[in-house]
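Below you'll find the structure, written out as structure tokens, and then a few comments.
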Number of protein chains: 2
Amino acid sequence: MDDVFRALADTSRRLLLDRLHGQPGQTLGELCQGLEMSRQAVSKHLAILADANLVVSLKRGREKLHYLNPVPIHEIADRWIGKYQRAPLNALAALKTRLEEKKDDQ
Amino acid sequence: MDDVFRALADTSRRLLLDRLHGQPGQTLGELCQGLEMSRQAVSKHLAILADANLVVSLKRGREKLHYLNPVPIHEIADRWIGKYQRAPLNALAALKTRLEEKKDDQ
DNA sequence: TTAATATGCAACTGTATGGTTGCATGTCAA
DNA sequence: TTGACATGCAACCATACAGTTGCATATTAA
């Protein structure tokens with residue numbers, strides 16, 4: 001799961017996921033279009049995303065088609081975020097008002 | 001939102017969130033107990049979490065009480081993960097079986 | 001006031017990371 | 001077969017980052 005969090009930490013990689021979500025099966029070259037990065041930079045990002053299993057790929061001739069794999073994101077949502085969904089929002093709201101009352105505290 | 005993803009990328013910081021989730025209002029010293037890190041390392045992590053608004057704190061005398069703020073996590077779940085929840089799992093499953101059929105691709 | 005406690009700040013270090021350039025490999029088309 | 005195209009690999013660079021050590025500041029208690 002660490003791989004997934006690490007992979008998601010970078011804006012460029014989240015952008016790539018976003019693009020693959022919008023249009024699945026894009027090649028490396030297609031993913032590069034419109035980006036400021038070099039092809040090799042994109043390739044490295046894709047490798048990191050693939051290591052985290054967030055992207056799977058399929059070779060077709062000299063091209064490589066890339067697909068978003070939402071499963072790790074689902075798992076994070078279920079196993080990790082779910083835990084914090086049950087966090088006491090009301091208790092925090094009360095704390096926040098206390099903090100706002102005496103703003104000098106930082 | 002970038003701050004939040006960055007903050008969540010580190011295992012130690014997720015551990016700290018976990019501890020604050022289990023027992024809210026802990027001081028820096030309390031959070032250090034049982035960890036291998038130095039106090040300053042924990043302090044830095046807390047600063048990063050605070051920048052991302054994942055942790056809010058409240059000064060009480062010479063102590064500083066730390067609380068988990070689940071709001072940014074909720075926002076990520078709603079605004080970001082929600083988008084991928086609607087990703088076509090079936091299409092991917094089909095792709096995966098294709099990949100497994102000819103494993104030499106990778 | 002003084003000592004102990006709790007935290008904050010700053011400088012420094014090693015390593016991870018994002019990015020580049022250059023070249024190699026593999027595949028398609030003429 | 002030859003050239004163009006798509007991708008892969010390796011070395012290199014600058015910066016970010018996690019962590020440390022050392023000292024400063026602020027609060028409590030004797």
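Note: hydrogens, waters and symmetry copies are ignored here, and every other heavy atom, side chains too, is used. Chain naming here is simple, since letters A, B, ... match the order of the sequence lines and numbering starts at 1 in each.
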Inset, instruction - Would you mind classifying the nucleic acid contact of B:I48 as base, sugar-phosphate or nothing, using non-hydrogen atoms under 4.0 angstrom? - result: sugar-phosphate
Inset, instruction - Looking at every strand, decide which applies to B:R60 at a 4.0 Å heavy-atom threshold: base, sugar-phosphate, or nothing. - result: nothing
Please tabulate the protein-to-nucleotide N/O contacts below 3.5 Å involving nucleotides 20-23 of chain C, giving atom names and distances.
{"from": "C:dT20", "atom 1": "OP2", "to": "A:S38", "atom 2": "N", "distance (Å)": "3.1"}
{"from": "C:dT20", "atom 1": "OP2", "to": "A:S38", "atom 2": "OG", "distance (Å)": "2.6"}
{"from": "C:dG22", "atom 1": "O6", "to": "A:Q40", "atom 2": "NE2", "distance (Å)": "3.2"}

Is [X] close enough to [N] that one of its side-chain N or O atoms is under 4.0 Å from OP1 or OP2 there?
{"X": "A:R6", "N": "C:dT17", "value": "yes"}
{"X": "A:H45", "N": "C:dG19", "value": "yes"}
{"X": "A:K64", "N": "D:dG8", "value": "yes"}
{"X": "A:T27", "N": "D:dT7", "value": "yes"}

Interatomic distance where [atom1] belongs to [X] and [atom2] belongs to [N] [whole Å]:
{"X": "A:L35", "N": "C:dG18", "atom1": "CG", "atom2": "C1'", "result": "14 Å"}
{"X": "A:D51", "N": "D:dG8", "atom1": "CG", "atom2": "P", "result": "13 Å"}
{"X": "A:L31", "N": "D:dT7", "atom1": "CG", "atom2": "P", "result": "9 Å"}

Legend entry - Qualifying residue for side chain to side chain contact (heavy atoms under 4.5 Å, CB included) with B:L54, from B:I48, B:D3, B:I73, B:L20: B:I73
Inset, instruction - Please state whether the base of C:dT7 and the side chain of B:R62 form at least one donor-acceptor pair under 3.5 Å? - result: no
Legend entry - Check: A:V71 and A:N53 side chains under 4.5 Å, non-hydrogen atoms: no
